[in-house]
Protein chains: 2
Amino acid sequence: MALGTDYSGQDCSLAKALEVVGERWSLLLVRDAFLGVTRFSDFRRRLDISKAVLTQRLGSLVEAGVLERRTHGGHDAYVLTPTGEALWPAVHALMRWGDATTSARGPRRLFRHVPCDADLDVTGRCPVCGATPTAAQLETRPGPGAGTDPPANPLSARLREPHRLLTPLRD
Amino acid sequence: MALGTDYSGQDCSLAKALEVVGERWSLLLVRDAFLGVTRFSDFRRRLDISKAVLTQRLGSLVEAGVLERRTHGGHDAYVLTPTGEALWPAVHALMRWGDATTSARGPRRLFRHVPCDADLDVTGRCPVCGATPTAAQLETRPGPGAGTDPPANPLSARLREPHRLLTPLRD
DNA sequence: TCGGTTGGTCTGGTGAACAGACCAGGGCGT
DNA sequence: ACGCCCTGGTCTGTTCACCAGACCAACCGA
């Protein structure tokens, strides 16, 4: 049992959620999956995580129904399931809190509701239509708080360019 | 450095957030703080966490500005700061995801927007006024998905009764 | 056929979390 | 004045998760 997994005896929805996505690295894997990362080696390049732990985390996220593993022409792809996509509001809320507490120049990343061509507000709502869009309707791009360092690798460079969420960056 | 703390090299708001609240137990401490828990021994009673780790976690949350420690007539009280209260949308979103994935009978806990007398929807919005209330405007009570086991201790029994968020249960 | 990529497994070392012992200070009953 | 419990810790030994790095089989392109 991984650290951060066992909150037995807690009749609490938050504890249940954290048993699945509360381990080290788990939510960052989900974040990258929203951004379009699908491959083992790409998660690795992004996160500087040990291969053994990455294997373990991807496996437990698949087992929990957050990710689905598809073998696809010689390599594997890990993609979010509907259950995984349902994590979007939580991921977005945590990102906005991270921005609010650690970024003086505003959000590091912006999310635009494509049908309305408007950026989400801090609550995750589209200011034009008032809805709370799902990730599939969003496009992301760097915000005013984004770092100015050059990307660590070509993959991170591609993820920095404006692109639709949930669309795989390969194949 | 605690497990789950170091995500250096990540220019990502989510990583920054997880460096503060991504460690084991941290978000559960914040959850209980929203419910009105303030004392070291009460966090302990609720969470079955080692005293050494609780000391460490409360300390790092205080250091991060999420909690504030007030010495108050012979005992200490840990209360949420405005920065900590700003975590409410993230905590709520994760709870709702936990409910959606692990509770067949609906939310384990409901949150009512007191001025409107209406329960929050799944996005954290009040269906009457349309606003996304802060925690201070909410009252909580058990929902249809709440467990039927008797509370583990008197403290948990009190937390199960309807009550306003952020109001200390003692003093 | 040779090198590089992919998606892993395995090993040894480090350090975080755990249970449980211990302890100082304060309040309370007698 | 005395004992006793509560509070809010610290300290110790053990377990186990994470880490770096070695290794490997299958596949692909040149």
Side-chain angles (χ1 to χ4, degrees), chain A residues 1-10 15 18-19 21-29 32-33 37-63 67-79 153-155 168-171, chain B residues 1-10 18-19 22-29 32-33 37-63 67-79 153-155 168-171:
Chain A
M1 169 163 30
L3 255 189
T5 289
D6 181 33
Y7 297 112
S8 57
Q10 295 279 323
L18 292 176
E19 286 183 0
V21 296
E23 298 160 289
R24 183 152 160 73
W25 302 114
S26 295
L27 267 187
L28 294 181
L29 294 176
D32 278 0
V37 177
T38 60
R39 290 161 77 147
F40 187 93
S41 50
D42 287 343
F43 285 114
R44 194 99 219 282
R45 261 183 275 277
R46 291 269 298 162
L47 290 183
D48 193 24
I49 177 178
S50 130
K51 301 174 92 175
V53 175
L54 179 55
T55 301
Q56 193 177 308
R57 284 294 174 281
L58 289 173
S60 64
L61 288 173
V62 167
E63 192 180 357
L67 295 178
E68 183 188 354
R69 178 179 179 165
R70 297 185 189 150
T71 306
H72 175 275
H75 66 267
D76 294 356
Y78 295 90
V79 297
N153 50 56
L155 175 65
L169 291 159
R170 309 245 202 177
D171 303 352
Chain B
M1 168 162 32
L3 257 189
T5 289
D6 181 31
Y7 296 112
S8 56
Q10 295 279 323
L18 292 176
E19 286 183 1
E23 299 160 287
R24 182 151 161 74
W25 302 115
S26 295
L27 268 188
L28 294 180
L29 294 175
D32 277 0
V37 177
T38 60
R39 289 160 77 150
F40 187 94
S41 51
D42 286 344
F43 286 114
R44 234 196 121 237
R45 262 184 276 277
R46 291 268 299 163
L47 290 184
D48 193 25
I49 177 179
S50 129
K51 300 174 94 175
V53 176
L54 179 55
T55 300
Q56 194 177 308
R57 285 296 175 278
L58 289 173
S60 65
L61 289 173
V62 167
E63 192 180 0
L67 296 178
E68 183 188 355
R69 178 179 179 167
R70 297 183 188 151
T71 306
H72 176 273
H75 67 266
D76 293 357
Y78 295 91
V79 296
N153 50 55
L155 175 65
L169 292 159
R170 311 242 202 179
D171 302 350

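Within every chain, numbering begins at 1; the chains are lettered A, B, ... in the order of the sequence lines, protein sequences first and strands thereafter.
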Quiz item: Can you tell me if the side-chain N/O atoms of A/S41 get under 4.0 Å from OP1 or OP2 in C/dT5?
Solution: no
Exercise. Sort out for me which residue in A/V79, A/L29, A/L47, A/D32 forms a side-chain contact (heavy atoms from CB on, under 4.5 Å) with A/V37.
Key: A/D32
Quiz prompt | Polar side-chain atom of B/R44 near backbone of B/I49 as donor-acceptor pair, under 3.5 Å | solution = yes
Quiz item: Hey, are the side chains of B/S41 and B/H75 touching, using non-hydrogen atoms and a 4.5 Å cut-off?
Solution: no
Quiz item: Taking only N and O in the side chain of B/T55, is any of them less than 4.0 Å away from OP1 or OP2 of D/dG9?
Solution: no
Quiz item: Heavy atom of residues 43-54 of chain B under 4.0 Å from DNA chain D: which residues?
Solution: B/R45, B/K51, B/A52
Self-check item: Length of the line joining B/D76:CG and D/dT10:C1', which is rounded to integer Å
Solution: 15 Å
Quiz item: Rounding to a whole Å, what distance do you find between B/D42:CG and D/dC6:P?
Solution: 13 Å
Quiz item: In whole angstrom, what separates B/N153's CG from D/dC6's P?
Solution: 14 Å
Quiz prompt | Whole angstrom value for the distance that separates C1' of D/dC24 from CZ of A/F40 | solution = 14 Å
Exercise. Go through the steps to decide whether A/F43 and A/L28 satisfy the test side chain to side chain contact (heavy atoms under 4.5 Å, CB included), and finish with yes or no.
Key: CA-CA 9 Å; A/F43 285 114; A/L28 294 181; over 6 Å; no
Exercise. Considering non-hydrogen atoms only, spot the tightest contact between A/L58 and A/Y78 and give its length.
Key: CD1-CE1, 3.7 Å
Exercise. Would you mind reading off the distance between B/Q56 atom CD and C/dC18 atom P, rounded to a whole angstrom?
Key: 10 Å
Quiz item: Expressed in angstrom and rounded to an integer, what is the separation of B/W25 atom CH2 from C/dA16 atom P?
Solution: 18 Å
Quiz prompt | Minimum heavy-atom distance between B/R39 and B/D76, given as atom pair plus value | solution = CG-O, 3.5 Å
Practice problem: Please state how far atom CG in B/L58 lies from atom P in D/dG9, giving the value in whole angstrom units. | Solution: 8 Å
Quiz item: Which pair of heavy atoms, one from A/S26 and one from A/R57, lies closest together, and at what distance?
Solution: OG-CD, 3.4 Å
Quiz item: Do the side-chain N or O atoms of A/Y78 get closer than 4.0 angstrom to the phosphate oxygens (OP1, OP2) of C/dG8?
Solution: yes
Self-check item: Atom-to-atom span, CZ of A/R39 to P of D/dC27 - whole angstrom
Solution: 15 Å
